[in-house]
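All ligand and atom numbering here is 1-based and tracks the order in the structure. Atom set for the values below is all heavy atoms of this structure, side chains included, hydrogens, waters and symmetry mates excluded.
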Amino acid sequence: MLHENLGINEKGRLTFAGADAVLLAEKYGTPLMLLDEERIRRNIRRYKEALLECFGEGSFPLFASKALCFKGIYRLAKEEGIGMDAVSVGELYTAKAAGFDLSKAYFHGNNKTDADIAYAVENGVGAFVVDNADELLALEKYLASADKKQDILLRITPGIDPHTHKAIVTGSVDSKFGSAIETGQAEEITRLALSLPHIVLKGFHCHVGSQIFDIEPFTEAADIMLRFIAYVAAETGYTAEVLNLGGGLGVKYVEGQPELDYAAVIRDMAAVIKLRASAIGCALPHILLEPGRSLVADAGVTLYTVGSVKTIKGYKSYVSVDGGMPDNPRYALYEAPYTVLLASKAAEKADFICSVVGRCCESGDILQENVDIPKPVRGDILAVLCTGAYNYAMASNYNRIPRPAVVWVKEGADRLAIRRESFEDMTRLEV
Ligand SMILES: *Cc1c(COP(=O)(O)O)cnc(C)c1O
């Protein structure tokens, strides 16, 4: 099985976090997303403990909200004592509504509006991650009028190509995010931040990309950022306290991809970063990481009911399910790989090669191609694995399809996390 929270029971059905997936599909209906609570806690603890062990007090993970945003995840983040990053007021609002202390929130985004700035300052956001000079000046203006000070990090583009899909590469110089070191704009915005009376510069942030399995893009980025920190200290006398290296560690979606031990990866990273820091002569700042995918992806599974099974003679076979791109647009967007299993016949021989498709009026509504599963019939339950990240968070109502329910599973016991969207929910804003 792809991950250790998956199994097959005596009925030949898929189990997830100790529960029979088919029984949960019957109980809650499909499409249904299951979330393994213990898996998320375990993933968080690996990051948290390794960062503390390697870099000491003040170094901790921030959950990247964009991967999966709903109140329950912030309650869990709060219990586990980690921070969070947000890219919108909607995410900040959701965290606050769940009782999450926003002093542990880092507010990202390349275009914060004046209303966003006011909301975040007034609700006590721990730090802004300031993207650009326009934002910095707008923030200073607001702070001056409110007679407040605000901690910030500056988002810097180190100029790294982490060799992943181009839509999820963000650390290169030509990017909509941040200020580049190479062009001198990183230094300029640092000097500007230091000159503004209501801005408290705590340090720097960078994010090199996503679904990365090697430590080199991170250690390279850290090396460039530490050189920048040393340069800024020599030129201005300012010493950064915090270096946030962003998110991006990879997750095993399919066989053949590695399953990273995040604690071991952080230890390896730390060893290189410490050597580089001492070579550069730069005191080590607190290190923050912003994992999204690697905290929640492998804690999610989506269940669907099989509808039609169609073989086009001389071509291929299609298995249609009762969800699709509205709940998981990632194959349509990036041809993202996923492992597909037939949950109701998980022990049977997989010998039916097919495309698993959704029910939208759209040829691109494909969940996965070249899938090998036992031949399904109408009514079987199909599972797409590793859907905890960037699925529910990206879900839409395209074709007026309601969003699925989400259920927590913990050691075999289930509990509703998000109820299934209704047709009334979908029309409630319409006047
Ligand atoms: C997307 C993103 C993350 C999280 O990335 P993952 O690949 O999900 O770990 C963290 N920080 C920033 C700034 C991001 O844009």
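- Taking the six-membered ring for Trp and the full ring otherwise, His108 and His207 have centroids separated by 6.0 Å or more.
- Taking the salt bridge (charged side-chain N to carboxylate O under 4.0 Å, His left out) definition, one finds that Arg428 meets it with nothing, sequence neighbours left out.
- Residue Ala64 has at least one heavy-atom neighbour below 4.0 Å for each of these atoms of ligand 1: 3 (C), 4 (C), 10 (C).
- The nearest pair of heavy atoms linking Tyr74 to Ser65 is OH-OG, 2.7 Å.
- Without hydrogens or angle criteria, Glu135 side chain to Asp131 main chain gives a donor-acceptor distance under 3.5 Å.
- Annotation: cation-pi pair Lys112/Phe107 present, NZ/CZ under 6.0 Å from the ring centroid and within 45° of its normal.
- Taking any N or O of Arg293, backbone or side chain, at least one lies under 3.5 Å from an N or O belonging to ligand 1.
- Some N or O of Gly248 is nearer than 3.5 Å to an N or O of ligand 1, by distance alone.
- The shortest N or O to N or O distance between Tyr390 and ligand 1 is under 3.5 Å.
- In this comparison of His205, Lys66, Glu290, the heavy atom closest to atom 1 (C) of ligand 1 sits on Lys66.
- Listed by number with element, the atoms of ligand 1 under 4.0 Å from a non-hydrogen atom of Pro291 are 9 (O).
- For ligand 1, the atoms closer than 4.0 angstrom to any heavy atom of Asp85 are 10 (C), 11 (N).
- Relative to the six-membered ring of Phe204, Arg155 misses at least one condition, a distance below 6.0 Å or an angle of at most 45° to the axis.
- Counting heavy atoms under 4.0 Å from ligand 1, residue Val129 does not touch it at all.
- Checked against a 3.5 angstrom limit, the closest N/O atoms of Ser210 and ligand 1 fall inside it.
- The shortest N or O to N or O distance between Leu249 and ligand 1 is not below 3.5 Å.
- Remark: ligand 1 atoms within the under-4.0 Å shell around heavy atoms of Arg155 are 13 (C).
- Nearest heavy atoms, Leu303 versus Ala25: CD1-CB, 4.1 Å.
- The contact set between ligand 1 and Gly247, taken as ligand atoms under 4.0 Å from a residue heavy atom, comprises 9 (O), 10 (C), 11 (N).
- Note: Met33 CE to Tyr28 OH = 15.0 Å, rounded to the nearest 0.5 Å.
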